[in-house]
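What follows is a short report on a single structure.
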Number of protein chains: 2
Amino acid sequence: MDEHEDQLDVMNDGSLLVAGQAVSLRSLVADRLRLAIITGRFRPGQQLRERELCELTGVSRPSLREALRVLEAEGLISTMPHRGPVVAALTPDEVDHLYALRLVLESFAAREFARLRRPHDIATLQATMKRLDDLRESGTPLELLEAGSAYYRTVASGSGNPYLAQSLQALHNRIALIRFISLHERDRNRLTFTALRAMMEAIIAGDEALTERLWTEHLAAIGTRARTIVEAGYRLADASGASTPSAA
Amino acid sequence: MDEHEDQLDVMNDGSLLVAGQAVSLRSLVADRLRLAIITGRFRPGQQLRERELCELTGVSRPSLREALRVLEAEGLISTMPHRGPVVAALTPDEVDHLYALRLVLESFAAREFARLRRPHDIATLQATMKRLDDLRESGTPLELLEAGSAYYRTVASGSGNPYLAQSLQALHNRIALIRFISLHERDRNRLTFTALRAMMEAIIAGDEALTERLWTEHLAAIGTRARTIVEAGYRLADASGASTPSAA
DNA sequence: TATTAGAAGATTGTAGGACAATCTTACGTA
DNA sequence: TACGTAAGATTGTCCTACAATCTTCTAATA
């Protein structure tokens, strides 16, 4: 049987380009800078100088500037007329707005996922959940960040709507640093693991109503936490409140 | 120390820039190219050559290329590795996905608008509706496009969520050409006028459920029309079906 | 001490050229 | 006649260098 529909591995991560040379330099630069912002190497509000970035990345200014335009369009940096690029810093209210938008987009994606129930997406979602379980005890925050991003990315992809997935990817990039900071709290992570598993099961069961309810609860919880982190200046604020699960 | 955080009347509309010089050249170039794409001067699928664009806009290649990156991030053009920028051309399925996303975002914005009912936004919405009424008989398609965009932009702004408004703006830019083509049909425009008025009244009345229902019906109607236009190759296809109002 | 003027630094916009990759076209051979 | 190959041309990409403008720091003076 000539079953060639296998492999090709097109569903690895996200953008797959045919061969090794089909990726432009500015894309690589944008990826590097995006990662630096997401992981907090460049702090929110920090002034970026093109000269330094050129030395750090090893590319020329035109390439760097084109990469900066991409990041600017994604909302990760903002450029003032003659003051250079600045790493975007969110206010608590902006976090609320972002999470409100995320709830609308992501719960819709999850519901569509639960409605379509495409086998391949289900398998991928289970694989990302297994990856999360493997990291549960000994995973670093960066590993957890990437595994969680894979989970949410799979949900977005499972909606079958590429534009929805693209919007969610951009939104997640904007809040990735907050998530990264939050992932340093291991006890809260356990609650998130439980929620993600329940959400996955609701999707696989095709229960759209339950999916929406669980997603709303989950986002309310982590949205509140995100606001707290930003209010503390993008740092873990070891709130005096000991351990109120507060899933609402 | 010196904390003068008094208001500077920054909340007029959206982005307020101090004087006339605070806009970069690449922004102007991006605006010009965006308008050319939206109004169909550059047809979907058309190959764009940087050299020609440099001559048309009168700017150097670096500035032009930075503008192209902005448009690429907005989804208005796509750049293949060594084949230059191409004006994005939507497939019928992509139109369906875009309108599905638009329904999610815009109906949420309208519901938030109806919930908040901020007087300033209500006044602006009424003004845009009046502008539409004034253009009802003698407005050109381009004038109608801009007036309709102002209506939808006001709805998005009325949600109070700037990120939601920004996402909707980008989405509207992608479908503007389809709307522009559709606006050449005067008889269909009347139906749209009626729908827009009803939707405005539902918002002002604060009736979120009615707002959602009307928005769903409206987007279903124009989404079907949009798909038809794309199927006809971005042209009015004078469908044989005479005049089924089809508000469902 | 407060205000203003000047200079230094940085960013932006622009120009030109070199290098690499791809597409087209013409020619030779089977 | 059809096909494969090679050369030319076009296009895209990247780099260096320079002019113009704005910000900001510093210093001098009222």
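Labels below follow one simple rule: chain letters A, B, ... track the order of the sequence lines, proteins then strands, and each chain is numbered from 1. Computation of the quantities below employed the complete heavy-atom set of this structure, encompassing side-chain atoms and omitting hydrogens, waters and symmetry-equivalent molecules.
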I need the [atom1]-[atom2] distance between [X] and [N], as an integer number of Å.
X: B:R26; N: C:dT12; atom1: CZ; atom2: P; result: 7 Å
X: A:R49; N: C:dT11; atom1: CZ; atom2: C1'; result: 11 Å
X: A:E50; N: D:dT21; atom1: CD; atom2: P; result: 18 Å
X: A:L48; N: C:dA10; atom1: CG; atom2: P; result: 15 Å
X: B:E52; N: D:dT11; atom1: CD; atom2: P; result: 8 Å
X: B:L53; N: D:dT11; atom1: CG; atom2: C1'; result: 13 Å
X: A:L64; N: D:dC14; atom1: CG; atom2: P; result: 12 Å

**Rounded (10°) bend between the five-pair end axes of the helix from C:dT1-D:dA30 to C:dA30-D:dT1** =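 Both end axes considered, the difference amounts to 10°.
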**Message:** So, using ring pair (Phe, Tyr, Trp, His ring centres under 6.0 Å) as the criterion, who are the partners of B:F42 when residues are at least two apart?
**Reply:**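 For B:F42 there are no ring pair (Phe, Tyr, Trp, His ring centres under 6.0 Å) partners, ignoring immediate neighbours.
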**Asked** Does NZ or CZ of B:R102 come closer than 6.0 Å to the centre of the six-membered ring of B:Y152, within 45° of the ring's axis?
**Response**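 Yes, B:R102 and B:Y152 form such a contact.
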**Request:** Check step by step if salt bridge (Lys or Arg N to Asp or Glu O under 4.0 Å) holds for B:R131 and B:D134.
**Result:** CA-CA 5 Å; B:R131 169 69 175 160; B:D134 292 342; 5.9 Å; no
**Request:** Using a strict cut-off of less than 4.0 Å between a Lys/Arg side-chain nitrogen and an Asp/Glu carboxylate oxygen, indicate whether A:E66 and A:R69 qualify as a salt bridge.
**Result:**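 A salt bridge is absent here (no side-chain N lies under 4.0 Å from a carboxylate O).
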**Message:** side-chain contact (heavy atoms from CB on, under 4.5 Å) for A:F180 and A:L144? Distances and angles first, verdict last.
**Reply:** CA-CA 8 Å; A:F180 183 55; A:L144 289 169; over 6 Å; no
**Message:** If you define the side chain from C-beta out and look only at heavy atoms, does anything of A:R61 sit under 4.5 Å from B:P62?
**Reply:**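 Sidechains of B:P62 and A:R61: no contact.
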**Asked** So do the side chains of B:I38 and B:R34 get within less than 4.5 Å of each other, counting heavy atoms only?
**Response**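 A side-chain contact exists here, since the closest heavy-atom pair is under 4.5 Å.
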**Request:** Return yes if a side-chain donor-acceptor contact under 3.5 Å exists between B:R153 and B:T128, otherwise no.
**Result:**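 There is no such pair (donor and acceptor under 3.5 Å, judged by atom type) between the side chains of B:R153 and B:T128.
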Filtered N/O pairs between nucleotides 14-17 of chain C and protein, under 3.5 Å:
| residue | atom | partner | partner atom | Å |
| --- | --- | --- | --- | --- |
| C:dT14 | OP2 | B:S63 | OG | 2.5 |

